[in-house]
Amino acid sequence: MEVKKLHRWDVDKDEGEKIQEQLRKKVIIKPIPKKINIVCGIDSSYKEDEIISCAVLCKYPELEIIDIVKIKGKTNFPYIKGLLAFREGENITKLIEKIEKDVDCFILNGHGIAHPKKIGLASHIGVLIEKPTIGCAKSLLYGNYSEPPSFPLSSTFIKDEEGEIIGHALRNYNNGIIFISPGHLIDLKDTLTITINCIKKEYSLPVPLYLAHINSKSAD
DNA sequence: GCGACAG
DNA sequence: ATCTTGTCGC
């Protein structure tokens with residue numbers, strides 16, 4: 001599918017932060033307009049100076065695998081808190097360009113608007129592809145939350161410094177907590193609903209994301 | 001100055 | 001993220 005080229009990727013920290021300020025204005029939080037038929041999990045792994053990104057397309061809500069796409073690239077940008085999009089974004093962008101089918105919602109490993117600048121990896125990628133995206137992470141980057149009750153699928157809000165709700169802390173079946181937030185073209189409610197529908201007892205992460213995580217490690 | 005801090 | 005075996009628990 002098509003990806004907008006709104007900026008360069010060979011930037012430094014300062015340029016990256018400026019780009020974030022521009023892109024954050026384009027982030028739209030609203031309910032998903034159409035029926036969801038295909039969700040796609042995206043995750044990356046690293047091997048020396050290489051990055052491998054993987055996309056797993058699943059039928060929704062059945063979660064049967066429809067397709068798996070991978071791409072390998074070089075890591076140019078270092079890992080800097082809050083700038084993950086500049087480390088993984090270019091490769092993920094090329095990965096998405098290889099996807100043939102029409103994906104209705106993406107789930108990315110990282111945060112959406114639950115980010116100090118309100119533009120985490122999921123929001124950033126969402127703006128470039130103009131499709132609904134959800135950010136899903138195993139730890140919190142920004143915001144405050146209270147511990148969700150200890151039963152599966154219970155959740156609490158993640159709030160920013162002004163008390164604005166920016167995401168959910170969601171309990172999985174393994175007594176762990178994952179942090180989800182809207183990326184782009186989706187709202188808090190749909191983010192929670194779709195994520196919960198993608199969670200199965202066997203895995204700590206939403207199924208499409210778990211599968212992307214596993215597959216990003218095995219090279220082919 | 002100290003601590004917090006996606007992958 | 002990555003370096004890493006067995007092991008405890010549902």
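Any value given below was found using the heavy atoms of this structure, including those in side chains, with hydrogens, waters and symmetry copies removed. The model shown is predicted, which means the values in this text are computed figures rather than measured ones. In what follows, chains are A, B, ... by sequence order, proteins preceding strands, each numbered from 1.
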Inset, instruction - Considering only NZ, NE, NH1 and NH2 on the basic side and carboxylate oxygens on the acidic side, decide whether A:Arg8 and A:Asp10 come within less than 4.0 Å. - result: yes
Inset, instruction - Specify the separation, in whole Å, of atom NZ of A:Lys217 and atom C1' of C:dT4. - result: 12 Å
Legend entry - A:Ile68 reachable from A:Ile38 in the ILVMFWY side-chain graph, under 4.5 Å edges: no
Inset, instruction - Could you run through nucleotides 1-7 of chain B and give me one letter per nucleotide, 5' to 3': B if any protein heavy atom sits under 4.0 Å from the base, S if only the sugar-phosphate is that close, - if neither? - result: ----BBB
Inset, instruction - Starting from the C-alpha separation in whole Å, work towards a yes-or-no answer on side chain to side chain donor-acceptor pair (under 3.5 Å) for A:Glu161 and A:Tyr142. - result: CA-CA 9 Å; A:Glu161 290 150 329; A:Tyr142 168 78; 3.1 Å; yes
Inset, instruction - Flag the pair A:Glu97 and A:Lys5 as a salt bridge only when some basic side-chain nitrogen lies within less than 4.0 angstrom of an acidic carboxylate oxygen. - result: yes
Inset, instruction - Identify whether the distance between the nearest side-chain nitrogen and carboxylate oxygen of A:Lys18 and A:Asp12 falls below 4.0 Å. - result: no
Inset, instruction - Classify the nucleic acid contact of A:Lys201 as base, sugar-phosphate or nothing, counting any heavy atom under 4.0 Å across all strands shown. - result: nothing
